[in-house]
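Scroll down for the structure; my scribbles are underneath it.
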Amino acid sequence: MKRAVFSDRVRTQKEDDIIPPLEKDTVRILTLGGVEEIGRNMTVVEFNDDIWIVDAGFMFREDDTPGVDYILPNTKYLENRKEKIRGIIITHGHLDHTGALPYITDSLGVPPIYTREFTAVMIKKRYAEFPEVKTPEIHVVDAGEEIKIGSLPVRFFGTTHTIPDSMGLIIKTPFGGVVITGDIKLDHEDGVVFKKEYDTFSIFKEEKALVMLMDSTNVSRPGWSIPEHKVAETFEKMFQKYKNNRMIIGTFASQVERVIKIMEFAEKYGRKVVIDGRSMINNLNIAKELGYLKIKKDTIIPAEIAHEYPDSKIVFLATGAQGDEYASLMRMANKTHKYVTLKESDVVILSSSVIPGNERPVQKLKDKIARQGPSIVTYETSDVHASGHGNREETLWIHRQVRPKFFIPHHGYYYMLRVHADIAQEVGLPKENVVLPDTGSIIEIRDKGSKIVHLPEKAPRTTRIVEGKVVKDIQTAVLADRQLLAQEGIFVVVATINVKEGRLKKSPDIISRGFIYLRESQELLGQVRLLVKKIVESKLRRSVQVNVDEIKQELHDSIADFLLQQTHKTPIVIPVVVLV
Ligand SMILES: [Zn+2]
Ligand SMILES: [Zn+2]
């Protein structure tokens, strides 16, 4: 049974003091995020006098973190060693790889960022929203390029994902490369891998891979993932099949490559496009700016003039395919969209899978749309969506190309990391060469690259969160309180004590929210008042001095116990003692 947490206990332990110093010529790797979760990816490589940070993502709040906007990787380890940081290398522009940047770079001494062009523009635009934060120097690198960052060469290679300019990298230590793939899948046709992938991975014929860290998101899915070109083919068929209908397509703004394809088809089949969703517009503007999206000026039209065109000439691109309450699709479903009223002849294509946890809102969304008559197409019935992460067979293929000596799975829940570790062993890695990391794990490759060690110590890993624009370390106690508040409610008792007379001045006041309906619980409240009176007066009888803290503690414990007995609930109980 959960018990109310009475106060925040501030942890004073200096977590960093226990970490042993780095020995010369040891390659140290830290997984600060993205290993017990999907999101807030951050990996750190440390060698002699240099530190390289790879990715700096955030994670959106989860069910067990109410009131929190984003969750960040804990960067305390880096703050304590900021003079060693040579750069932050960003693999691609998704927020689970870039989102933390404006919140952390100032505290890390504003290190330079290294990334490819598309990501660079996205990051610059993001910093523009944070005028109070210093924008780091951004160095644009390209696939195939090798540059020196700090004392070591770093080589980049292009990868297939869902956003332009995704890349992996190799930090070349004297004992072999530290290979980090970033988010990755393969382009293929029925499992026959395309030549461009062979070309990319041909660098591993010459690059000795000391250790690889690789995306584990979908490794537990069998076979091959649906390649994005299949999704494009499906969309072209949809444009042909529904040539007389108004099309409404719901997808993620992060699916930049798909959205570009949809725009091209729209133009090819003579339709205008209305884009609903700020992040989608931002990403498309970058794609246009960099020449990834070549469309005529008037293909995109504002929503308010869409009604001037016949249904067959219009596509709505909308966000909210996960059932998000305020996004465009839900507003259409709720009949509160300013410009779109759904009708039977419409076709709604949900071009996304259902993120675990969103099953209910997505179901609601589909039900509400269905009630208004449109046809609905989802990934379950057609290939209108593909994940950006490779399945099991792609994972095996990549392992066989890179052939690392050691392996650390990352980017995934712990179970996925475990599945990925098994895959690595299947391609021949001995068990002792594979390390399963946790948040804050410190892993060292010692003795000139001959053995890998998972240290028992962890880098500081107290949850770091953003609320509004403020970054703070949040104690789990605070989150536990918020959960209790949400689930069990709050119960405040105000006892006003007349010190001179040694008794309650009046009947205690009770305030309660989210726990019981006070008007209908008069009997229970009467019992609580009686209990308060009993406790206070017996306390006052027993001692000459009034010890407020003691009274409060006893009130808290007794009331909490009583409420639990009577209601089987554990609201947060707050006793307030006023002396008059
Ligand atoms: Zn990604
Ligand atoms: Zn990712």
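In listed order, ligands and their atoms are each counted from 1. Predicted model only: the values in this text are computed from it and were never measured.
- Taking the Zn ion (ligand 2) as reference, Asp96 places its N/O/S atom OD2 nearest.
- Using a distance-only test at 3.5 Å, with no hydrogens or angles considered, no donor-acceptor pair links the side chain of Glu426 to the main chain of Ile423.
- Expressed to the nearest 10°, the angle at the Zn ion (ligand 2) joining NE2 in His97 with NE2 in His411 is 90°.
- Cation-pi geometry between Arg81 and Tyr77 is met: under 6.0 angstrom from the ring centre, within 45 degrees of the axis.
- At the Zn ion (ligand 1), the vertex angle linking ND1 of His94 with NE2 of His161 is 100° (nearest 10 degrees).
- Restricting His92 to its N, O or S atoms, the one at the least distance from the Zn ion (ligand 1) is NE2.
- With Ile88 as the partner, the side chain to side chain contact (heavy atoms under 4.5 Å, CB included) test is satisfied by one option alone out of Thr115, Thr105, Ile123: Thr105.
- His389 lies apart from the Zn ion (ligand 2) in this respect, since none of its N, O or S atoms is found at a distance under 2.8 Å.
- When atom types are taken as modelled, the side chain of Thr234 and the backbone of Asp383 share a donor-acceptor pair closer than 3.5 angstrom.
- At a cut-off of 3.5 Å, with distance as the only test, a side-chain donor of Arg258 or His385 sits close to an acceptor on the other residue.
- Of all N, O or S atoms in Asp183, the one lying closest to the Zn ion (ligand 1) is OD2.
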